[in-house]
Number of protein chains: 2
Amino acid sequence: MRNVTTASTPTRNRGNRRAEILEAAARLFAARGFHGVSIEDIGSAVGVSGPALYRHFTGKEALLAEMLLDISSRLRASAAAVVTASADPHETLDALLDTQITFAIEQPALISVHDRELGNVPEPARRQIRRLQRLYVEEWVTVLAELHPSCPPARLRATTHAIFGLLNSTPHSANELPAQDMRPLLHAMARAAIDAAVNER
Amino acid sequence: MRNVTTASTPTRNRGNRRAEILEAAARLFAARGFHGVSIEDIGSAVGVSGPALYRHFTGKEALLAEMLLDISSRLRASAAAVVTASADPHETLDALLDTQITFAIEQPALISVHDRELGNVPEPARRQIRRLQRLYVEEWVTVLAELHPSCPPARLRATTHAIFGLLNSTPHSANELPAQDMRPLLHAMARAAIDAAVNER
DNA sequence: CGATAACGTTAATGATGGCTAACATCCGTG
DNA sequence: CACGGATGTTAGCCATCATTAACGTTATCG
């Protein structure tokens, strides 16, 4: 009867609540913006009311910070995994595209918040998020550079940002197309756009 | 000496102030979001302080509404002009790309606000802005449909949104590349992405 | 000159919202 | 059973903010 074994529900549903709150907050932030959403709004979205959130987060800004940190580190981690998994740059690029597309289709709210609300994150965390975002971009740029060594890095960086813009358009085209069709469409458009970017003189 | 002729400065610099305020507000809204900017912030950005804005706009929401209405009607108008000017769909598409690229490069703040803050516009104006945005998209879809009649409209719409995402990435890649290089890069990427989108089976 | 309209200013008001305090409840554990 | 920690609740505090009020100051024009 050691505590470890009996702990079928260690602290009941601690992590669940946090995740639930983060998810609801992401949806609300995406729709109305960080300052357009009140603590009370977030609370009632998960069935508790207002100040209950302070049992899980130290404040509204901390909540946002954790949200953005989670997204950017997940993106960066999956990119790093993909890059080390394959030696062929073509395959790697396809895998990078696939993970970003999956993310954009499955988590449109997080995508929106991720590139709108960085300015509202307080300073200690902001730097770290920026760092992860930069590393993520550099992961792409490195792969592109392997494919086209003659292309200047600045151009590759601009290309990468443009591709992110293309892929992250999913929050806008919301339900125009089922994910099943959207996925290959975005992949084909992105591949073609990249080829055009690096092959132009 | 009729008032018309003497009116070299009819109401002094009335329109200037309004435009100045709209421009400053756009910059601030783009950076911190509608609710993250106070009336006082906007005022001091143009050298007046706070409630002076009520001499020019009936309120904060009205200011935003006018801003978005201005953008969306300008985009829609320039698209309509381009479409009627040329008979060749290829030329038309190139012209549409050019105007959107110009806009994205010269007015990044307006672009940001345009697709983030619609939700904060009060109802009478919101519908009208949505209408203009829809018309703008349809202008693109019509041209694309002429080029590729076999492609289903929903796919063309999704393609158009993805292209907007690509072109409107300029606020993110800010100063990576000079406009002189950015412009043809975006054009080439967009053309290639469109071709890929409509040619896939 | 003197009215008046355009354009600003500062003070007050009323709402909202983030956050803290004080006070339950529930549950696993000694 | 009694304790304590995790988790909620409501009421209150204080700051911020949009908006209005009341009050100048010009400058154009009759």
Side-chain angles (χ1 to χ4, degrees), chain A residues 1-22 24-25 28-29 31-67 117 119-122 125, chain B residues 1-25 28-29 31-67 117 119-123 125:
Chain A
M1 56 289 278
R2 263 165 272 90
N3 49 7
V4 179
T5 55
T6 19
S8 61
T9 310
T11 51
R12 230 184 29 181
N13 48 4
R14 176 69 180 281
N16 295 332
R17 242 327 172 225
R18 276 181 74 85
E20 207 179 353
I21 291 171
L22 283 168
L28 290 170
F29 289 164
R32 305 203 294 256
F34 180 70
H35 294 290
V37 177
S38 73
I39 288 289
E40 181 61 39
D41 290 334
I42 303 174
S44 52
V46 302
V48 303
S49 238
L53 302 197
Y54 289 87
R55 300 296 172 188
H56 303 273
F57 301 91
T58 74
K60 199 188 173 190
E61 289 186 329
L63 195 163
L64 178 67
E66 179 165 331
M67 190 164 118
E117 306 293 2
N120 292 314
V121 176
Chain B
M1 52 292 284
R2 262 164 273 89
N3 49 7
V4 178
T5 55
T6 17
S8 61
T9 310
T11 51
R12 226 180 34 176
N13 48 4
R14 177 71 180 281
N16 295 332
R17 226 1 152 208
R18 277 180 73 85
E20 208 179 351
I21 292 172
L22 284 167
E23 191 190 320
L28 291 169
F29 289 164
R32 290 184 268 160
F34 180 71
H35 294 290
V37 176
S38 73
I39 288 289
E40 180 61 38
D41 290 334
I42 302 174
S44 51
V46 301
V48 303
S49 239
L53 301 198
Y54 289 86
R55 300 293 172 189
H56 303 274
F57 301 91
T58 73
K60 201 185 170 191
E61 289 185 330
L63 196 162
L64 178 67
E66 179 165 331
M67 191 165 116
E117 305 293 3
N120 291 313
V121 177
E123 212 10 295

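So you know, we letter chains A, B, ... as the sequences are listed, proteins then strands, and number each from 1.
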Between D:dT19 (C1') and B:Y54 (OH): distance, integer Å: 5 Å
A:N16 CG to D:dA6 C1', straight-line distance once rounded to whole Å: 14 Å
Euclidean distance, B:E61 CD relative to B:N120 CG, rounded to 0.5 Å: 7.5 Å
Nearest to the B:S49 side chain among C:dT10, C:dC23, D:dC17, which nucleotide is it? C:dT10
Can you tell me the distance, in whole Å, between the CG atom of A:L28 and the P atom of C:dG17? 13 Å
Report yes if at least one side-chain N or O of B:H35 is closer than 4.0 Å to OP1 or OP2 of C:dT16; otherwise report no. no
By nearest atom, which of the nucleotides D:dG8, D:dT20, D:dA11 is closest to the B:P51 side chain? D:dT20
Side-chain atoms of B:V48 come closest, of D:dT9, C:dG17, C:dT9, to C:dT9
Evaluate the criterion side-chain contact (heavy atoms from CB on, under 4.5 Å) for residue pair A:V48 and A:R55; output intermediate values, then yes/no. CA-CA 11 Å; A:V48 303; A:R55 300 296 172 188; over 6 Å; no
Residue B:K60, side-chain atoms from C-beta onward, closest of D:dT19, C:dC19, C:dG8: D:dT19
Interatomic spacing from NZ in A:K60 to CZ in A:F29 - rounded to 0.5 Å: 5.5 Å
May I ask you to verify if any side-chain N or O of B:R17 is less than 4.0 angstrom from the OP1 or OP2 atom of C:dG8? yes
Determine the contact category for A:G50: base if any of its heavy atoms lies under 4.0 Å from a base atom, sugar-phosphate if only primed atoms, P, OP1 or OP2 are that close, otherwise nothing. nothing
Euclidean distance, atom CD1 of residue B:I42 to atom P of D:dC17 [Å, nearest integer]: 11 Å
Sidechain-backbone polar pair: A:E117 side chain, A:F34 backbone, donor-acceptor under 3.5 Å: yes
Rounded off to whole Å, could you give me the CD1-to-P distance for the A:I39 and D:dG12 pair? 20 Å
Between C1' on D:dA6 and CG on A:L53, what's the gap in Å once rounded to a whole number? 15 Å
Separation of atom CD1 in B:I21 from atom P in C:dG8, rounded to whole Å: 7 Å
Expressed in angstrom and rounded to an integer, what is the separation of B:F34 atom CZ from D:dA18 atom P? 8 Å
By nearest atom, which of the nucleotides C:dC23, C:dC7, D:dA18 is closest to the B:R55 side chain? C:dC7
Say you draw a straight line from CD1 of A:I21 to CG of A:L53; how long is it, rounded to the nearest 0.5 Å? 5.0 Å
